[in-house]
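Reading through the structure tokens given below for one structure.
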Amino acid sequence: MADVWILGGTGRSGRAIAAQLRKRGIRPVPVGRDAARLAAVAEGDRTVVARSAEAMAAEIRRQRPAAVVNTIGPFTRTAPPTIRACLDAGSDYLDLANDLAAVATTLALGDAVAGSGRTVVTGAGFGVTATESVVVKLCDGRTAPEQVRVDMVPSLDTQAGRLGEALAATILEGIPGVEGGGRYQGRRYRNGRLAPAPIGGDVMRLTLPDGEVVTAAGMPLGELLSAQRASGAPNVIAASSEAPSSPVVRVIFPIAAALLAIGPVRDFAIRRLAAVQVAAKPKPREHSWGHAVVRWADGTTREGWLRLGEAQEWTGAVPAEIVRRLLAGEGKAGAFTPAALFGPSLAESCGAEYVV
């Protein structure tokens, strides 16, 4: 049976993906630093102990798994060496990145990946997959629109525990190396190019199909790039209901950003944030939603939603379904986001439903 490795196999995302793989008849191989914790979640499956990203890459080259699922952030740091190892080993690769810098870096490897004959998929979690799928659905068979806005509205139950360094670094690293603005600025597409945008700007009150009202605001997310590539629109905004949208936050944020741009300050902030203990909280609503509004130059507008359950659970189903399809030989050589590779049916295969 083909080996499918889950890097970060003891974390919440890793465990969710493993459970979904087992439902599809695929035995996962959890990979991580702690042998005892790996054994506790493996359910009798084989495990691989590797205590650093470099050690994981070395084991990939040595053992040559069929596919590798990377759940360890920040993906700007972990994705490039892991992808290089996968290409050397002849392994397919996918990750859960939804920060703009990581998604852009991975998609830029498209030609090199295509030359290797392997498949690389980035953004295989809730935000990118849910919003991109709606855009692909709305734009199917039509010319490129003039403008697209996507919004992610996750419903997550929060588990108690330490925030952790990987998530803290993902939050505070910003978007280094992304053109069109500074490390701690937002982004949007304007006239076909990335341009600066205020984080927490482009505020919009959304009435969900079930009648609940939420507020979403602009964030420099991987959804921005995936929506632009899926639609071909020159003007694109990506927003989230999790973004800070109050006027006070928008005043304070530039000051905080200036401090985080100083390396030692940023490292200190990451350590402090990583140590924060998060309280358990139930999910705020029954459904999570992906949303898109697409406008064409002639004034035609289409709006659509993708309805699903708890966002973390769905983030387990999407990578597992992608892996199943890759093992079945349904992939293509190159670097992709999920719906760009498998179309809008992928979301439905993971239990979601379109409301267009």
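Hydrogens, waters and symmetry mates are skipped; everything else that's a heavy atom, side chains included, is used. One-based numbering along the sequence shown.
Residue pairs meeting the side chain to side chain donor-acceptor pair (under 3.5 Å) criterion with at least one member in residues 138-149, sequence neighbours excluded, are Glu146-Asn235, Arg149-Asp151. Pairs passing the salt bridge (Lys or Arg N to Asp or Glu O under 4.0 Å) check and including a residue from residues 42-53, sequence neighbours excluded, read Asp3-Arg46, Arg22-Glu43, Arg22-Asp45, Arg27-Asp45.
Here the closest heavy-atom approach between residue Ala311 and residue Leu308 is recorded as CA-CD1, 4.5 Å.
Considering OH of Tyr93 and CG of Leu109, their distance stands at 10.0 Å, rounded to 0.5 Å. Atom CD of Glu303 sits about 8.5 Å away from atom CZ of Arg295, to the nearest 0.5 Å. Note that CG of Asn98 and CD of Glu223 are 5.0 Å apart. Values are rounded to the nearest 0.5 Å. How far CZ of Phe126 is from SG of Cys350: 13.0 Å, rounded to the nearest 0.5 Å.
The local environment of CG in Asp298 is crowded, with over 12 non-hydrogen atoms from other residues, nucleotides or ligands closer than 6.0 Å. Residue Arg24 qualifies as enclosed at atom CZ: its count of foreign heavy atoms under 6.0 Å is above 12. By the neighbour-count criterion of 12 heavy atoms within 6.0 Å, atom CD of Gln63 is densely surrounded, having more than that number from other residues, nucleotides or ligands.
Counted by atom type alone, Thr78 and Asn70 present one or more donor-acceptor pairs between their side chains at under 3.5 Å. In summary, the side chains of Glu310 and Ser288 do not present any donor paired with an acceptor at a separation below 3.5 Å, with no hydrogens or angles considered.
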